[in-house]
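The block underneath contains the structure these notes are about, expressed in structure tokens.
This is a predicted model, so every value here is computed, not measured.
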Amino acid sequence: MSNIYKAFENKKAFIAFLTAGDPDFETSVECFKAVARAGADLIEVGIPFSDPIAEGPVIQEADLRALDSGMTTDKVFELVKEVRKETDVPMVFMSYINPIYHYGAEKFFEKAAEVGIDGAIIPDMPYEEKDELAGAAKKFGLDIISMIAPTSEERIKMIAKEAEGFIYVVSSLGVTGVRSEINTDLGSMMNLVREVTDVPAAIGFGISTPEQARKMAGYADGAIVGSAMVRIVAAEGKNAPLKLYEYVKSMKEALA
């Protein structure tokens, strides 16, 4: 069992996403540390990529800022190493297939394990092709996190049945981004998941307020927030660590 289970022990998990290297390496390290100190139960580390197809404009712009500041996959590993000096909170990479293949899958997962990463979310990897990377990840003790979208019942059950670490339940069709309302029938989706597995599930895409986080955690084992946090980094720059700390504190309190 990987380190990820710790995020869900006897509580609703708050899962935070930030793009590595946004707005620059040093500030980004401090942002991740602040999020961990504020009580995030699991942290997603976004590897900046030039063509992030699942992302809305907020995270796309963060990727470009990070790339413009000189971030590379090797520098992402360095960043995680720095953050790990201060926290043992479970951490997973959010990466597209291209950077992993470009780096070399086995080398990528070996290095990820070395710096303290516990798993990977790969949004553009079809379920049917996950075995290509799952073997390399498993060799180094990392979980490949499955994503479930509002789709056919049989597909939801098929993906959930083989899930490991935790299940990322996508709240809405489309790209990431803050939403004022989430209308998907998440209760029905979660019932299908629970028919086949007891692997923890967290809901993401569109969550930005404590009220939304509380509501989503009512359906699942946790809530995932990305764009709302990346917006704080975009607005605050070098002051972002303090603002992120306050934001994560308020979200954690909503889930208590």
If only atom types and distance count, is the side chain of [X] paired as donor or acceptor with the main-chain N or O of [Y] below 3.5 Å?
| X | Y | answer |
| --- | --- | --- |
| E236 | I232 | no |
| E129 | P126 | no |
| R214 | A254 | yes |
| K6 | D41 | no |
| K12 | A217 | yes |
| D143 | G119 | no |

Where is the tightest heavy-atom contact between [X] and [Y], given as atom of each residue plus distance?
| X | Y | value |
| --- | --- | --- |
| A202 | A223 | CB-N, 4.4 Å |
| A228 | S208 | CB-CB, 3.7 Å |
| A66 | S69 | O-OG, 2.8 Å |
| P200 | G165 | CD-O, 3.8 Å |
| A234 | R65 | CB-NH2, 3.5 Å |
| E164 | I144 | OE2-N, 2.8 Å |

Within this structure, what is the [atom1]-[atom2] distance for the pair [X] and [Y], rounded to the nearest 0.5 Å?
| X | Y | atom1 | atom2 | value |
| --- | --- | --- | --- | --- |
| S227 | F205 | OG | CZ | 8.5 Å |
| Y127 | M158 | OH | CE | 5.0 Å |
| E30 | E82 | CD | CD | 9.0 Å |
| M229 | I59 | CE | CD1 | 10.5 Å |
| M125 | Y101 | CE | OH | 8.0 Å |
| S146 | I159 | OG | CD1 | 7.0 Å |

Can you find a heavy atom in the side chain of [X] that is under 4.5 Å from one in the side chain of [Y]?
| X | Y | value |
| --- | --- | --- |
| F17 | I121 | no |
| C31 | T27 | yes |
| M147 | P123 | yes |
| M71 | T19 | no |
| E106 | F140 | yes |
| Y103 | D74 | yes |
| Y168 | I15 | no |
| K33 | V29 | yes |

Salt bridge (charged side-chain N to carboxylate O under 4.0 Å, His left out) partners of E128, counting only residues at least two apart: R155
Can you name the salt bridge (charged side-chain N to carboxylate O under 4.0 Å, His left out) partners of K75, sequence neighbours left out? none
I'd like to know if [X] pairs up with [Y] as an ion pair, taking the criterion as any Lys NZ or Arg NE/NH1/NH2 lying under 4.0 Å from an Asp or Glu carboxylate oxygen.
| X | Y | result |
| --- | --- | --- |
| E114 | K111 | yes |
| D118 | R84 | yes |
| K238 | D24 | yes |

When hydrophobic residues are tied together by side-chain contacts of less than 4.5 Å, even through go-betweens, does [X] share a cluster with [Y]?
| X | Y | result |
| --- | --- | --- |
| L67 | M94 | no |
| V45 | Y245 | no |
| V196 | I148 | no |
| F25 | M91 | yes |
| I43 | V115 | yes |

Could you tell me which residues satisfy ring pair (Phe, Tyr, Trp, His ring centres under 6.0 Å) with [X], sequence neighbours excluded, listed by chain and number?
| X | result |
| --- | --- |
| F32 | none |
| F108 | F77, F93 |
| F14 | none |

Could you check whether K243 makes a cation-pi contact with Y247, meaning its NZ or CZ is under 6.0 Å from the centre of the six-membered ring and within 45° of the ring axis? no
List, one per line, each side-chain donor-acceptor pair under 3.5 Å for residues 188-195, sequence neighbours excluded.
{"unit_1": "S188", "atom_1": "OG", "unit_2": "D185", "atom_2": "OD1", "d": "3.2"}
{"unit_1": "S188", "atom_1": "OG", "unit_2": "D185", "atom_2": "OD2", "d": "2.6"}
{"unit_1": "N191", "atom_1": "ND2", "unit_2": "G187", "atom_2": "O", "d": "3.3"}
{"unit_1": "R194", "atom_1": "NH1", "unit_2": "T197", "atom_2": "O", "d": "3.0"}
{"unit_1": "R194", "atom_1": "NH1", "unit_2": "V199", "atom_2": "O", "d": "3.1"}
{"unit_1": "R194", "atom_1": "NH2", "unit_2": "V199", "atom_2": "O", "d": "3.3"}
{"unit_1": "R194", "atom_1": "NH2", "unit_2": "D221", "atom_2": "OD2", "d": "2.6"}
{"unit_1": "E195", "atom_1": "OE1", "unit_2": "K157", "atom_2": "NZ", "d": "3.1"}

Check the surroundings of atom NZ in K139: do more than 12 heavy atoms from other residues, nucleotides or ligands lie under 6.0 Å from it? no
